[in-house]
Amino acid sequence: MGLRSLLWILIAALLLYGAWQGLRALAAGRAQKTGAPRAARESMAEAADDEKTGEAEDADDDAGFAYAPRPAPMPAPARPAAENEVFRLELEIQRLRRELDDMRGLLDGQRQETAALHSALNALRGQFEAAAASQSAAPQYSEALVFARRGLAADAIAERCDISVAEAELVRALAARGGEKDT
């Protein structure tokens with residue numbers, strides 16, 4: 001073997017080694033672009049390290065090149081706990097505001113219903129008192145009591161109801177006294 005043959009063998013070995021390193025770099029680039037699992041990239045790096053330990057010359061050649069896979073980009077950081085807590089509290093405040101508005105609506109409805117009940121009660125009370133006042137008077141004086149409440153004079157009441165003037169004045173006094181109780 002001559003020097004020429006030895007030189008061709010050395011050139012062929014270097015070409016094979018360069019091709020091998022190029023393929024490794026392409027594979028590492030594709031793995032990084034496709035998002036290959038980190039374990040696969042690490043196994044490729046370990047295989048490259050195993051090759052390097054076998055040959056001292058290769059260690060010197062690889063010193064200028066970094067074929068190790070690049071780290072995958074970090075995922076978007078999760079919200080900090082304080083920010084999550086603020087968001088949760090804002091949602092709770094919105095829910096409580098809706099409930100408060102609902103309660104205010106119910107309270108307004110109850111107030112209106114209570115006011116209607118009070119007015120109905122007052123009307124019934126007036127009817128009851130009128131009925132009680134008319135029942136407490138003797139039947140012969142009930143008509144005189146009605147005239148007295150209308151403001152007729154004692155003489156007119158006595159004439160219309162066939163009672164004495166003194167009785168008519170007494171009925172007017174009772175009617176006036178009953179009117180004072182109502183106010």
Atom pair CG (L100) and CD1 (I93), whose distance is rounded to the nearest 0.5 Å: 12.5 Å

For the atom pair CD1 (I163) and CG (L170), what is the distance rounded to the nearest 0.5 Å? 9.0 Å

Go through I11 and L15 one step at a time and tell me if the side chain to side chain contact (heavy atoms under 4.5 Å, CB included) criterion holds. CA-CA 6 Å; I11 290 173; L15 284 175; 4.2 Å; yes

Going from CD on E143 to CG on L145, what distance comes out if it is rounded to the nearest 0.5 angstrom? 11.0 Å

Is it the case that one hydrophobic cluster holds both L152 and V171, taking links as side-chain heavy atoms less than 4.5 Å apart, direct or via other members? yes

Apply the test side chain to side chain contact (heavy atoms under 4.5 Å, CB included) to residues L7 and R4: give CA-CA distance (whole Å), side-chain angles for both, the deciding distance (0.1 Å), then the verdict. CA-CA 5 Å; L7 206 51; R4 190 179 234 185; 5.7 Å; no

Regarding Q94 and R97, do their side chains bring together a donor and an acceptor under 3.5 Å, going by distance alone? no

Ion pair present between E99 and R95, side-chain N to carboxylate O less than 4.0 angstrom? yes

Distance from I9 atom CD1 to L14 atom CG, nearest 0.5 Å? 12.0 Å

With the threshold set at 4.0 Å, does a side-chain nitrogen-carboxylate oxygen contact exist between R172 and E169? no

For the side chain of E167 and the backbone of S164, is there at least one donor-acceptor N/O pair under 3.5 Å apart? yes

Work out which heavy atom in A154 is nearest to a heavy atom in A168; give both atom names and the distance. O-CB, 3.2 Å

Applying side chain to side chain contact (heavy atoms under 4.5 Å, CB included), can you list everything that pairs with E159, at least two apart in sequence or on another chain? none

To the nearest 0.5 Å, how far apart are CG in L174 and CZ in R149? 10.0 Å

To the nearest 0.5 Å, atom CE of M103 lies from atom CD of Q110 at 10.0 Å

